[in-house]
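First the structure, in the form of structure tokens, and then the observations on it.
Residue numbers run from 1 in the order of the sequence given.
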Amino acid sequence: MTDLSEQKRPLLPGQAYDARQPLLVFDGVCVFCSGFVQIVLKIDRNKRFRFATAQSPLGEALFREHGLPTEDYDSNLAIIDGAAFTKLDSFVAVMAALGWPWRAARLLLVLPRPLRDWLYDRIAKNRCALFGRKHSCEIPSAELRQRLIS
């Protein structure tokens with residue numbers, strides 16, 4: 001995804017996460033995005049996923065590394081098995097990684113990418129109007145604090 005060699009690649013803040021564990025980077029002030037994280041926390045029985053807010057140094061660096069804007073976090077970023085997923089593909093990848101029955105979300109991949117992206121963009125652009133926005137990142141639950149990377 002980048003032309004930089006490993007030696008010249010900028011270090012992420014503290015290289016703070018184990019890339020062998022799936023990571024979900026989300027907008028920490030978006031009620032809809034935070035709600036999705038709460039759902040993942042509940043159904044991730046094996047506690048594989050780690051989380052970072054897009055507003056954290058790690059989240060912002062990862063957004064930049066994957067060519068995502070850092071002034072408006074209108075996509076989640078999921079990094080699973082070294083592959084980065086955004087938009088609706090991020091949702092599908094996260095759900096698929098959680099196992100059955102959640103992996104049935106893969107059925108969404110039958111939709112052509114332009115349609116998937118269009119649907120995702122409609123929700124993303126209206127998520128704050130529909131679901132609300134917090135003034136700052138909420139204080140995470142004890143479960144999330146154990147799996148949150150800053």
I'd like to know if the side chain of Arg116 and the backbone of Leu88 have a donor-acceptor N/O pair within less than 3.5 Å.
no

Would you say the side chain of Asp27 lies within less than 4.5 Å of the side chain of Asp74, judging by non-hydrogen atoms?
no

How long is the span from the CG atom in Leu111 to the CG atom in Asp117, to the nearest 0.5 Å?
11.0 Å

Smallest heavy-atom separation, Ser34 atom then Phe26 atom, equals OG-CE1, 3.9 Å

Fit a plane to each ring of Phe91 and Phe36, take the angle between them on a 0 to 90° scale, and name the class: parallel (under 30°), tilted (30 to 60°) or perpendicular (over 60°).
tilted

Could you tell me whether the side chain of Val40 reaches within less than 4.5 Å of the side chain of Phe51, counting heavy atoms only?
yes

Report yes if the side chains of Leu24 and Asn76 come closer than 4.5 Å at any heavy-atom pair, otherwise no.
yes

Glu60 vs Tyr73 side-chain heavy atoms within contact, under 4.5 Å:
yes

Are the side chains of Leu119 and Leu108 in touch, meaning some heavy atoms are under 4.5 Å apart?
no

Work out which heavy atom in Leu77 is nearest to a heavy atom in His66; give both atom names and the distance.
CD2-CD2, 3.8 Å

Going from CG on Leu109 to CG on Asp89, what distance comes out if it is rounded to the nearest 0.5 angstrom?
6.0 Å

Go through it in stages, so that I can follow the logic: the residues are Leu23 and Leu62, the test is side-chain contact (heavy atoms from CB on, under 4.5 Å), and I'd like the CA-CA distance, side-chain angles, deciding distance and then a yes or no.
CA-CA 11 Å; Leu23 177 67; Leu62 287 168; 3.4 Å; yes

Could you walk me through whether Arg20 and Asp81 pass salt bridge (Lys or Arg N to Asp or Glu O under 4.0 Å), step by step?
CA-CA 6 Å; Arg20 294 172 296 181; Asp81 296 329; over 6 Å; no

Taking the side chain as every heavy atom from C-beta outward, state whether Leu41 and Lys47 have any pair of such atoms under 4.5 Å apart.
no

Distance from Glu65 atom CD to Ile79 atom CD1, nearest 0.5 Å?
7.0 Å

Report yes if some heavy atom in the side chain of Val37 is under 4.5 Å from a heavy atom in the side chain of Phe49; otherwise report no.
no

Heavy-atom closest pair (Val92 atom, Arg106 atom, distance to 0.1 Å) is CG1-CA, 3.8 Å

4.5 Å side-chain heavy-atom contact, Leu98 and Arg45
no

Nearest atoms (heavy-atom pairs only) where Lys87 meets Ser75:
N-OG, 2.9 Å

Closest heavy-atom pair and its distance - Pro22, Arg48:
CG-NH2, 3.3 Å

As an exercise, state the distance from CE of Met95 to OG of Ser90, rounded to the nearest 0.5 Å.
11.0 Å

Looking only at heavy atoms, which two atoms of Ala78 and Val94 are closest? And how far apart?
CB-CG2, 3.8 Å

